[in-house]
Amino acid sequence: MAALLQILRPTLPILIGASVMLTLSMGLRQSLGLFMQPLTQDIRISVSDFTLALAVQNLAWGFLQPLAGALTVRYGFRPIMIVGSLLYVAGLALMAGANGILSIMIGGGVLIGASLACTAAAIAMSVAARAVPASVRSTVLGLVSGAGSLGALLSAPIGQVLNEGYGWRMGLVGFVVLSLLMIPAAWYAGRVDRIPLPKPANDEIGDTSASAATKMAFSNASFVVMTGAYFVCGMQLVFLTTHLPSYLAICGLDPMLSAQTLGMIGGFNVLGSIFFGWAGQRWNKLALLGGIYIFRSIALAWYFTLPPTPATTLLFGAIMGFLWMGVGPLVAGAVAEMFGLKWQAMIQGLAFMSHQVGSFLGAYGGGVLYDALGSYTMAWRIGVALGLAGGIVQVAFALIRPSGPPQMQTA
């Protein structure tokens, strides 16, 4: 550990800034489900209306992520991250003052979605990957992802306390105040723009156009399979963050249990991210990804087939937390290995589009199925089935055909 700190000392401000930006952008977003019940009842919109706004958020995030990644190549990371932080503040402020679905859709959907494309995992991981040598990259990505997981530990309890004591609007105002800290964090993380890119190896994408880099990514079979399985990741996780508070309320459990569970997810996220960053330095990253999807699906099936209790809910949160953002360092590390650093943020964003289509279905589809059937049974069963299928395919392909760098055309 002392040797690792010595290596990282020159870039610690960059890594801390990226971690703080990531922890706030992800932690605040993951806690929005706490406000679903009081918000929808107060301004008289349906659960599916609220989840549609979060689904739009996920689509905006996913489809703008490759653009944000490409813009960092042209303009640098700092301006993109600062603009994204400002969009986050504006989106939460618009939600806090909402009186109908339009403000929720624009604030919680479009603005926060666009902000996440500029401040969340793909950008933060690309910043961290560029700031450190390849020999410790996967481990550092795990540490940044782990630090980025602390946001739910902070934001969920604060949001729930304000929500219960002063109403959902004050809860969102508290989130606005927290989101202001993203701006200085993005400024410090932006110091990475001063670090020159290493000279690309012969098997990396270097001096090429965005369209050529995109074409090369989708001609790589390992990348395509990883991208398809990533769909499952988004569907499962956003279903939980959006609907678990509602599910627990329906079951008659203490509303604070929702915040405690989200906090438990955030805490074990730290351990899982660090572990999978460490593991990705030693074993096949894509096989580890498939294993995460399989074990998540088993955990989902176990929890939803039993009557929920505070003990099983917190244990479930711990298990899912350990398997949550561990995908971050694995995906980022795999993309860097396959394609190099210059276009990493954009190519990671291309994979993330699939993740966000899954997120859309997890958020909105879960709400539609609940409104239609009066329960979440069908929704979680679909999530388990697709998770097992995606995880098995990912593991099998990774072991049969290990990932490798793209084949560059030579003159």
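Residues take their numbers from the sequence shown, with the count starting at 1.
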Chi angles and distances behind the side-chain contact (heavy atoms from CB on, under 4.5 Å) call for T214, M346: CA-CA 8 Å; T214 300; M346 186 193 75; 3.4 Å; yes
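- The heavy-atom pair separating G174 from L162 by the smallest distance is CA-CD1, 3.8 Å.
- Within the 4.5 Å cutoff, the side chain of I183 has no heavy atoms near those of the W187 side chain.
- Without hydrogens or angle criteria, R44 side chain to N99 main chain gives no donor-acceptor distance under 3.5 Å.
- Checked by atom type and distance alone, the side chain of Y188 never pairs as donor or acceptor with a backbone atom of I16 at under 3.5 Å.
- The environment of F218 atom CZ is dense: over 12 non-hydrogen atoms of other residues, nucleotides or ligands sit within 6.0 angstrom.
- T313 contributes no side-chain N or O that, together with a main-chain N or O of P310, makes up a donor-acceptor pair within less than 3.5 Å.
- A heavy-atom distance below 4.5 Å is found between the side chains of N163 and F35.
- Contact check for I45 versus L39: side-chain heavy atoms found under the 4.5 Å cut-off.
- Nearest heavy atom pair, residue S31 against residue F175, reads CB-CZ, 3.8 Å.
- No close placement of the W380 and Y303 rings is indicated, their centers lying 6.0 Å or farther apart.
- Nearest heavy-atom pair across A287 and V395 is O-CG2, 3.6 Å.
- S126 has its side chain out of reach of T72: every pair of non-hydrogen atoms, C-beta onward, lies at least 4.5 Å apart.
- Contact detail for A299 and I319: the closest heavy-atom pair is CB-CG2, 3.8 Å.
- Residues L314 and T261 meet the side-chain proximity criterion, which asks for heavy atoms closer than 4.5 Å.
- For A117 against Q65, the heavy-atom pair with the smallest separation is O-NE2, 2.7 Å.
- A donor-acceptor pair is defined here as one N or O able to donate and one able to accept, closer than 3.5 Å; no such pair exists between the side chain of T312 and the backbone of P308.
- Side-chain contact between L92 and L32: present, with at least one pair of heavy atoms (C-beta onward) separated by less than 4.5 Å.
- Atoms CG and CZ, on L288 and R282 in that order, are 11.5 Å from each other to the nearest 0.5 Å.
- Of the possible donor and acceptor atoms, none in the side chain of S115 sits under 3.5 Å from a partner among the backbone N and O of L111.
- Residue N284 holds its CG atom at 9.0 Å from CG of L289, rounded to the nearest 0.5 Å.
- Across F276, F316, F295, a single residue satisfies ring pair (Phe, Tyr, Trp, His ring centres under 6.0 Å) together with F322, and that is F276.
- Formation of a donor-acceptor pair under 3.5 Å by the S354 side chain with backbone atoms of T227 is found in this model.
- Taken from CE in M353 to CG in L64, the straight-line distance is 9.5 Å, to the nearest 0.5 Å.
- Ring geometry, W278 versus F275: the interplanar angle falls from 30° to 60°, so the pair is classed tilted.
- To the nearest 0.5 Å, atoms NE2 (H355) and CD (Q348) are separated by 11.0 Å.
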Would Q57 and W61 count as a side-chain hydrogen bond (donor to acceptor under 3.5 Å, both in side chains) here? Give the steps. CA-CA 6 Å; Q57 175 196 108; W61 180 9; over 6 Å; no
Candidate pair L323 and F268, rule side-chain contact (heavy atoms from CB on, under 4.5 Å), full reasoning: CA-CA 8 Å; L323 301 171; F268 277 83; over 6 Å; no
Report the C-alpha separation of L181 and L24 in whole Å, then their side-chain angles, then the decisive distance to 0.1 Å, and conclude whether the side-chain contact (heavy atoms from CB on, under 4.5 Å) test is met. CA-CA 8 Å; L181 298 175; L24 290 170; 3.6 Å; yes
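- At distances below 3.5 Å, not a single donor-acceptor pair connects side-chain atoms of T23 with backbone N or O atoms of V20.
- A distance of 12.0 Å separates CG in L350 from OH in Y230, rounded to the nearest 0.5 Å.
- Here the closest non-hydrogen pair linking A114 and A60 is N-CB, 4.3 Å.
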Just do the side-chain contact (heavy atoms from CB on, under 4.5 Å) check on I104 and I43 with the steps written out, would you? CA-CA 10 Å; I104 299 297; I43 65 175; 4.1 Å; yes
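- Using modelled atom types, no side-chain atom of D49 and backbone atom of I101 make a donor-acceptor pair closer than 3.5 Å.
- In this structure, N269 and M26 have side chains that are not in contact, with every pair of non-hydrogen atoms separated by 4.5 Å or more.
- Within the 3.5 Å criterion, the main-chain N or O of M216 finds a donor-acceptor partner in the side chain of S219.
- Within a 6.0 Å radius of CZ in R74, other residues, nucleotides and ligands contribute 12 heavy atoms or fewer.
- Side-chain contact check for R169 versus D42: some heavy-atom pair is nearer than 4.5 Å.
- Checked by atom type and distance alone, the side chain of K285 pairs as donor or acceptor with a backbone atom of G280 at under 3.5 Å.
- A distance of 10.0 Å separates CD1 of I14 from CZ of R130, quoted to the nearest 0.5 Å.
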